[in-house]
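In what follows, a structure is listed as structure tokens, so that the remarks can point back to it.
Model, not experiment: these values are computed from the prediction.
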Amino acid sequence: MTETNLSPTTIASEMNLGATDPSTPSFADATSDLITQMTEGNFDGLTDYATTHLAPALLSAGLGLFVIFIGYLVAKYLMRVISRPVCRRVDETLGKFVGKMVFYSIMFAVVGGVLTKLGAPLGGLAAMLAAAGFAVGLAFQGTLSNFASGVLMLVFRPFKVGDVVNAAGVTGKVDEIDLFTTTLDTPDNRRIIVPNSAIAGGTIENISHHQHRRVEVPVGVDYSADLQTTRDALQNAVDQLSANVIQGENRGSAVVLAGLGDSAVNWKVRMWVASSNFWPMTEALTGEIKTQLDAAEIGIPFPQMDVHVHQFADAAAIAEKAGRTRPTRRGADRMVG
């Protein structure tokens with residue numbers, strides 16, 4: 001048996017038998033040559049171009065679109081799988097943000113891989129995207145500001161979905177926090193979409209953050225009313241709602257003498273309630289205060305203003321002098337003549 005010695009060069013050449021011939025023009029070069037021939041009236045290379053270049057290119061493009069579609073389905077599935085436990089155990093806002101980041105990361109990787117396999121020049125494409133990104137950044141400074149503000153709010157979480165907030169001059173319940181905007185539902189069932197930069201650049205009041213809130217009703221009574229009788233009447237109003245008062249340190253209720261106003265003695269009635277009962281208890285406490293003050297015959301005065309009119313002794317003389325008429329000039333000229 002004859003032993004054959006194969007050199008590394010021979011082995012490499014045998015392994016690359018199925019590789020693409022370097023002499024075969026690329027798809028772009030073949031397309032350019034075909035267009036040149038067709039402009040000169042030569043259509044002989046059309047069939048060869050369709051079988052050699054066009055058909056494989058369409059097949060590769062179809063396979064690439066199929067891979068991108070499968071990647072889209074996988075990205076949507078992983079987005080739901082990853083965001084669902086975060087929404088349930090940590091926070092709904094953070095869960096949605098993580099899900100979107102997972103989706104876009106997978107899609108970016110799949111599209112980049114497909115373009116690489118198809119032979120797209122990703123280096124030049126990256127440079128073009130960088131230049132275009134710079135131009136777009138200058139043109140859309142406000143949009144990028146909204147994006148940066150949205151990321152900061154999702155990271156630091158001054159509020160979450162479901163909270164009632166007062167931000168950018170709008171009061172409502174947070175329905176969704178996106179990367180560019182925040183959606184609020186107002187108490188009268190209006191939906192308002194606020195840019196994130198307007199929210200992050202101003203004061204944010206998270207109304208429903210704490211479990212307890214303090215109800216405070218200002219009251220003004222007559223100066224003639226006895227202080228102790230007034231205090232007892234206001235305390236009776238609070239006692240009628242004692243079942244809804246939150247007890248504990250720095251909680252409970254209080255009746256405070258606030259000051260002496262222009263036409264009334266000012267009081268403040270306070271009590272701590274659950275945040276969900278704030279508005280019902282505010283209305284109930286106001287009604288009880290009016291009822292108890294009426295029962296104690298304590299009046300609630302209207303704003304008053306005293307006007308003092310002073311008459312002077314010479315007022316009549318001044319009025320008489322002002323009422324005299326001066327002689328006309330024509331009459332004076334006649335007397336002179």
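- Counting only heavy atoms from C-beta outward, the side chains of V74 and K76 never approach each other to under 4.5 Å.
- The hydrophobic cluster containing I106 also contains I70, counting ILVMFWY residues as joined when their side-chain heavy atoms lie under 4.5 angstrom apart, directly or transitively.
- Counting only N and O atoms by type, the side chains of T186 and D188 include a donor and acceptor under 3.5 Å apart.
- Within a 6.0 Å radius of CD in E283, other residues, nucleotides and ligands contribute 12 heavy atoms or fewer.
- Of all the heavy atoms in A284 and L241, the pair that sits closest is C-CD1, 3.8 Å.
- In this structure the side chain of L234 reaches within 4.5 angstrom of the side chain of W267, judged on heavy atoms.
- Heavy atoms only, all atoms of each residue included: L260 and N266 are closest at C-ND2, 4.3 Å.
- Hydrophobic clustering (ILVMFWY, side-chain heavy atoms < 4.5 Å, transitive): I207 and V161 are in distinct clusters.
- Without hydrogens or angle criteria, D226 side chain to Q228 main chain gives a donor-acceptor distance under 3.5 Å.
- In terms of heavy-atom proximity, A264 sits nearest to Y223 at N-CE1, 3.5 Å.
- A 4.5 Å side-chain heavy-atom check between L257 and V265 finds at least one atom pair inside the cut-off.
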Q | D222/I298 under side-chain contact (heavy atoms from CB on, under 4.5 Å): CA gap, chis, key distance, verdict | A | CA-CA 7 Å; D222 286 331; I298 299 174; 5.7 Å; no
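- The CZ atom of F159 lies 13.0 Å from the NE2 atom of H209; values are rounded to the nearest 0.5 Å.
- Using a 4.5 Å cut-off between side-chain heavy atoms of Ile, Leu, Val, Met, Phe, Trp and Tyr, with links allowed through other members, L285 and V245 fall into the same hydrophobic cluster.
- Distance alone, capped at 3.5 Å, is enough to place a donor-acceptor pair between the S275 side chain and the Q211 backbone.
- With rounding to the nearest 0.5 Å, the separation of OG1 in T182 from CD1 in I199 is 4.0 Å.
- Counting only distance, with no hydrogens or angles, the side chain of N277 and the backbone of P280 share no donor-acceptor pair below 3.5 Å.
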Q.
Could you walk me through whether T171 and V165 satisfy the side-chain contact (heavy atoms from CB on, under 4.5 Å) test, starting with their C-alpha distance in whole Å, then the side-chain angles of each, then the deciding distance to 0.1 Å, before giving a yes or no?
A. CA-CA 6 Å; T171 300; V165 300; over 6 Å; no
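- Salt-bridge check for R190 with D185: failed, with every basic side-chain N at 4.0 Å or more from each acidic carboxylate O.
- Closest non-hydrogen pair, A168 versus V194, comes out as CB-CG1, 3.7 Å.
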Q: Test side-chain contact (heavy atoms from CB on, under 4.5 Å) on V217 and I289 and set out the steps.
A: CA-CA 9 Å; V217 178; I289 289 174; 3.8 Å; yes
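- Following chains of ILVMFWY side-chain contacts shorter than 4.5 Å, one can reach L293 starting from L227, so the two form part of one hydrophobic cluster.
- Between the side chains of Q240 and N236, not a single donor N or O lies within less than 3.5 Å of an accepting N or O.
- Residues T183 and V174 are not in side-chain contact: their nearest non-hydrogen atoms beyond the backbone lie 4.5 Å or more apart.
- Note that the CD atom of E297 and the OG1 atom of T229 stand 11.0 Å from one another [nearest 0.5 Å].
- The backbone N or O of R270 lies less than 3.5 Å from no partner atom in the side chain of R214, so there is not a single donor-acceptor pair.
- In terms of heavy-atom proximity, A274 sits nearest to I246 at N-CG1, 3.9 Å.
- Within 6.0 Å of CE in M107 there are more than 12 heavy atoms belonging to other residues, nucleotides or ligands.
- Other residues, nucleotides and ligands place no more than 12 heavy atoms under 6.0 Å from the NZ atom of K268.
- Hydrophobic clustering (side-chain heavy atoms under 4.5 Å, transitive across Ile, Leu, Val, Met, Phe, Trp, Tyr) groups I204 together with I192.
- At a cut-off of 3.5 Å, with distance as the only test, no side-chain donor of N196 or N146 sits close to an acceptor on the other residue.
- Side chain of D163 to backbone of K160: a donor-acceptor contact under 3.5 angstrom is found.
- The two residues Q292 and A233 have their closest heavy-atom pair at CB-O, 3.3 Å.
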Q. Stepwise, does the side-chain contact (heavy atoms from CB on, under 4.5 Å) test hold for M281 with F278?
A. CA-CA 5 Å; M281 288 299 101; F278 178 79; over 6 Å; no
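- Side chain of S83 to main chain of V98: no donor-acceptor pair is present (N/O by atom type, distance under 3.5 Å, no hydrogens or angles).
- Interatomic distance, CZ of R84 versus CD1 of I82, reported as 11.5 Å (0.5 Å rounding).
- Under the 4.5 Å side-chain criterion, counting only non-hydrogen atoms from C-beta, V110 is not in contact with F69.
- Of the inter-residue distances, the one linking N206 atom CG with N166 atom CG reads 10.5 Å to the nearest 0.5 angstrom.
- Separating the CZ atom in R191 from the NZ atom in K173 is a distance of 11.0 Å, to the nearest 0.5 Å.
- For D178 (side chain) and T181 (main-chain N/O), no donor-acceptor pair under 3.5 Å exists by modelled atom type.
- A 6.0 Å sphere centred on OH of Y77 holds no more than 12 heavy atoms belonging to other residues, nucleotides or ligands.
- The aromatic rings of F147 and F180 sit tilted relative to each other, their planes meeting at an angle between 30° and 60°.
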